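Notes follow once the structure below has been shown.
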Amino acid sequence: MNSPDNKKSILVLKDISLSFKGVKAITDISFNVYEGEICSVIGPNGAGKSSMLNVINGVYIPQEGTITFDGKEFTKMKPHSAAVMGIGRTFQNIALFSGMSVLDNIMSGRNLMMKANFWEHALNIGRAEKEELEHRQAVEEIIEFLGLQSIRKTPVASLAYGLQKRVELGRALAAKPKMLLLDEPMAGMTMEEKLDMSCFIQEINRNYGTTIVLIEHDMGVVMDISDHVVVLDYGKKIGDGAPDEVMNNQDVIDAYLGVSH
Amino acid sequence: MFYREAGKLVGSFGKDRRMLPLLEDRWLAVLFVAFMYFVVTALASDYMFTAILIPIMVLGVATLGLNIAVGYTGQLSLGTAGFMCFGAFSAFNLILRIDWMTIPLAFFLSGMIAGGVGIIFGLPSLRIKGFYLIVSTLAAQFFAEWVFNAYPWFLNYTSSGVVSLPMHHYRVFPGQENTPFNAAFWHSSQGRYLVTLTVTILLVLACKNLVRSNTGRNWMAVRDMDIAAKVIGIPVAKTKLMAFFISTFYCGVAGAMYCYCYIGNLDFMIFNLRRSFLVMFMVIVGGLGSILGSFLGAIFVYAWPIVITRGSDFIFGGGAIDTAFIENNSKIVVGTIIIVLLIREPGGFAALWASSKQKLRVWPFAQ
């Protein structure tokens with residue numbers, strides 16, 4: 001691989017193939033994500049980017065290939081174990097809990113750390129109250145970081161799109177993930193919102209050391225914030241490396257600009 | 001509004017997390033409970049207790065139970081009356097067959113037994129959703145009706161199919177059943193009202209605690225988007241089964257109270273499919289995912305026909321018009337009101353209450 005030797009891979013994908021009833025979404029893709037980096041997955045529509053993220057956290061199960069996260073190898077990842085191991089995730093079309101407030105949405109991101117059982121919850125005794133207050137403290141820090149203080153009690157369904165995306169990031173962040181998978185975190189946003197979002201992503205990466213894998217279409221953003229870019233097209237990997245390296249790759253240029261075959 | 005929310009700030013997360021963050025609300029709640037315990041107990045008539053207050057609270061608890069499954073967790077269920085039936089028969093058999101069994105413990109255990117049954121009938125929810133799940137919970141309904149009919153052991157071999165509950169069943173402490181106080185307490189409608197009220201308040205508090213905790217958030221997460229819930233680590237299957245357990249726990253306790261505090265005898269025929277539908281209507285009219293709504297729904301669906309019948313008796317003079325005619329008309333009126341309500345406010349009474357509160361907040365400055 002074209003990686004500096006001093007970097008440690010947090011995620012290794014090896015020969016991943018995924019198909020839906022004969023339609024090949026991903027063919028033999030292998031790449032590494034290194035600890036603490038921002039890795040962008042780019043490619044034209046239908047290239048298999050979202051499928052790739054779904055494979056990483058176990059929403060889809062690939063027919064072939066292995067996923068190694070944090071030194072553990074899997075052929076079948078499950079969403080729950082992915083969450084337990086510290087893989088956080090946001091979705092392309094927002095997947096918030098629409099009937100709940102911003103606060104409850106972000107609090108639900110910490111569910112894996114809450115140990116009280118439902119008897120304790122029902123009677124509000126034992127660990128229930130203590131845990132709730134502890135985690136509230138941590139969630140308030142995230143709310144402050146993302147600037148959501150004024151809307152913490154608002155039902156998420158009534159929020160603007162850009163804010164919903166931010167809440168979803170907050171929910172993923174609340175679990176203190178080792179790696180965050182962001183599926184088009186800036187799609188459909190205004191320039192200003194995009195700037196905010198890229199600042200948040202970079203700060204998360206820098207302050208918490210969270211590895212970030214993101215899918216993005218805005219090349220300006222991708223080239224600015226990424227340490228590492230992976231390019232997919234028609235379910236195949238056509239480029240992998242540092243941003244400027246990928247930019248000058250002939251295959252990538254062809255895929256993006258089109259070429260007469 | 002009589003009081004304002006603006007400017008009422010809290011200084012800690014504990015205070016922010018209270019059931020009723022506003023001081024005025026807390027006072028209102030205390031006054032309401034005191035009113036129910038002291039004023040109503042002292043002043044209400046027998047008719048009021050046995051025909052209105054007790055059944056509304058009992059059905060309210062069943063509605064709350066169904067609301068946990070349907071409104072909070074998004075798992076449709078039509079087995080409510082079946083689960084109530086399991087609760088009622090559990091309480092009867094526990095008290096009948098275990099010497100030291102007391103009413104409070106029997107209510108709790110009958111909830112637990114019904115909850116266990118609920119888990120079994122909730123298992124299909126792991127694979128199927130929505131209307132298909134209704135069909136499988138319907139099985140609980142028919143199973144209850146069948147099993148208590150087919151095995152007379154459950155009814156202590158009573159040939160008529162109806163058991164009136166003997167006095168020795170009603171004990172709060174072991175060996176207490178023969179005291180004059182106990183007999184007087186349970187024979188009076190006040191006594192049964194107080195028991196129903198206490199159980200209802202405890203169950204409402206527990207439910208309120210659950211929905212503001214991680215358990216409640218998990219329920220709502222599964223309801224709103226189960227894929228996202230799975231991805232953030234919520235155990236979806238466990239959450240659904242837990243919701244079924246707690247939901248049917250409430251239904252089971254409601255079933256036990258239905259027999260012991262309301263009708264005073266045990267009969268599986270009353271826990272029929274019609275009653276399941278009735279509780280479902282109460283959930284829908286009251287408002288999905290609302291504790292207050294559960295009781296408003298129970299009040300409306302149960303009491304409104306009574307109000308209309310009594311009202312028209314009053315207006316037209318009792319006996320001047322055929323009672324059957326009035327009864328049928330009251331059904332039409334209630335049905336129409338429900339349809340209009342649900343068109344105007346699909347969220348039911350709970351949403352109506354929330355939106356009127358919102359209007360009062362800004363009144364008279366904005367519309």
Side-chain angles (χ1 to χ4, degrees), chain A residues 54 57-59 78-91 94-100 103-105 107-125 128-137 139-140 152-153 156-157 168 171-172 174-175 177 181, chain B residues 5 10 12-19 21 68 71-74 111-112 115 202-239 241-243 245-246 249-250 288-290 347 351 354:
Chain A
N54 281 334
N57 79 333
V59 177
K78 283 191 179 130
H80 185 78
S81 48
V84 171
M85 284 192 301
I87 303 182
R89 167 86 195 261
T90 68
F91 290 83
I94 302 165
L96 284 172
F97 307 128
S98 52
M100 292 156 72
L103 179 65
D104 280 346
N105 264 283
M107 283 292 275
S108 71
R110 291 186 82 79
N111 75 86
L112 280 172
M113 298 172 216
M114 300 203 189
K115 300 284 174 252
N117 59 38
F118 74 92
W119 293 109
E120 288 168 275
H121 285 150
L123 304 172
N124 203 27
I125 52 164
E129 174 93 10
K130 196 173 135 266
E131 255 180 12
E132 193 79 5
L133 299 183
E134 261 170 40
H135 290 293
R136 177 72 189 274
Q137 180 71 44
V139 163
E140 283 295 331
R152 61 161 81 76
K153 295 280 175 80
V156 287
E168 206 188 4
R171 186 181 67 188
L181 310 175
Chain B
E5 290 165 336
V10 290
S12 72
F13 296 137
K15 284 182 182 160
D16 193 43
R17 200 184 158 255
R18 280 174 170 160
M19 285 186 196
I68 289 172
Y72 283 104
T73 321
M112 295 290 284
L202 291 178
L203 288 178
V204 166
L205 289 178
C207 185
K208 185 73 191 163
N209 272 334
L210 281 171
V211 298
R212 67 190 179 129
S213 73
N214 199 41
T215 303
R217 281 193 299 268
N218 286 359
W219 289 345
M220 291 184 267
V222 168
R223 169 195 69 189
D224 287 342
M225 191 152 295
D226 53 356
I227 278 287
K230 209 181 261 181
V231 164
I232 63 168
I234 293 173
V236 174
K238 190 181 151 208
T239 304
L241 292 183
M242 189 192 291
F245 173 76
I246 295 171
F249 178 93
Y250 276 68
L288 293 166
S290 160

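Reckoned from all heavy atoms, side chains included, excluding hydrogens, waters and symmetry mates. Letters A, B, ... are given to chains in the order of the sequence lines, protein chains preceding strands, and every chain is numbered from 1. Given the structure is predicted, the values throughout are model-derived calculations rather than measurements.
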Side chain / backbone / both / neither for [X] at chain B, heavy atoms under 4.5 Å:
X      : answer
A:E140 : side chain
A:L112 : side chain
A:V59  : side chain
A:F118 : both
A:D104 : both
A:K78  : neither

- request: Check the angle between the aromatic planes of A:W119 and B:F245 and answer parallel, tilted or perpendicular using the 30° and 60° thresholds.
  value: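 Perpendicular, since the angle between the ring planes exceeds 60°.
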- prompt: Between B:Y72 (side chain) and B:G216 (backbone), is there a donor-acceptor pair under 3.5 Å?
  reply: no
query: Under 3.5 Å, side chain of A:N124 to main-chain N/O of B:N209, donor-acceptor pair present?
result: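 A pair under 3.5 Å: no.
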Is there a side-chain contact between [X] and [Y] (heavy atoms, below 4.5 Å)?
X      : Y      : result
B:I68  : B:F249 : no
B:V231 : A:R171 : no
B:N214 : A:E131 : no

- prompt: Do A:E132 and B:R212 meet the salt-bridge criterion of a basic N to acidic O distance under 4.0 Å?
  reply: no
field: Residue, of A:P79, A:A122, A:A83, A:A172, that accumulates the most heavy atom pairs under 4.5 Å with chain B
entry: A:A122
message: At a heavy-atom distance under 4.5 Å, which candidate from A:H135, A:E168, A:R89, A:Q137 has the highest pair count against chain B?
response: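 Highest number of heavy-atom pairs under 4.5 Å: A:Q137.
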- request: Give, as side chain, backbone, both or neither, the part of B:N218 having an atom under 4.5 angstrom from any heavy atom of chain A.
  value: side chain
- line: Under 4.5 Å to a heavy atom of chain A? For B:L202 that would be neither
statement: Ranking B:R17, B:R217, B:M220 by heavy-atom pairs under 4.5 Å to chain A gives rank one to B:R217
